[in-house]
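A short write-up of the structure that comes next.
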Amino acid sequence: MDEVIVVPSLLHLNHGNLISPQFPLLVMIDILYAAGMRYNRDEKRKFHEKTVEVIDRSGKC
């Protein structure tokens, strides 16, 4: 199932009478991120830890 979120075009992101049109977009991204993080939290935490470990090792070369 596909969802479409209508957002302002890049040309009009700085226009808005009361609040910037960017704010609702940032809120929606935050909601989607939080919803995605609810699933398989332990698996994602392990993946994050492995990623940080690899980055740390590559920086010490």
Side-chain angles (χ1 to χ4, degrees):
M1 182 162 124
D2 293 338
E3 295 290 331
V4 176
I5 300 173
V6 180
V7 298
S9 69
L10 291 175
L11 296 173
H12 302 292
L13 280 179
N14 61 344
H15 295 100
N17 294 342
L18 301 176
I19 62 171
S20 168
Q22 295 173 8
F23 182 69
L25 181 58
L26 292 173
V27 171
M28 181 56 76
I29 290 171
D30 188 51
I31 291 168
L32 294 172
Y33 177 79
M37 288 304 293
R38 260 188 259 152
Y39 301 102
N40 299 326
R41 180 169 276 177
D42 291 333
E43 185 178 321
K44 289 176 183 167
R45 184 175 293 127
K46 288 176 187 176
F47 182 75
H48 177 264
E49 290 170 0
K50 279 183 167 182
T51 303
V52 170
E53 185 180 314
V54 169
I55 291 171
D56 283 344
R57 275 191 266 141
S58 68
K60 293 179 183 179
C61 294

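For the numbers below, each heavy atom of this structure counts, side chains included, while hydrogens, waters and symmetry mates do not.
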May I have all residue pairs that pass side chain to side chain donor-acceptor pair (under 3.5 Å) and include part of residues 31-43, sequence neighbours excluded? Asp42-Arg45
In this structure, are over 12 heavy atoms from other groups packed under 6.0 Å from Lys46 atom NZ? no
Taking atom CG of Asp56 and atom OG1 of Thr51, what is their separation to the nearest 0.5 Å? 11.0 Å
Leu32: what forms a side chain to side chain contact (heavy atoms under 4.5 Å, CB included) with it, not counting sequence neighbours? Ile5, Met28
Sequence neighbours excluded, which residues qualify as side chain to side chain contact (heavy atoms under 4.5 Å, CB included) partners of Val54? Arg57
Residue list, side-chain hydrogen bond (donor to acceptor under 3.5 Å, both in side chains) with Asp30, at least two apart or on another chain: none
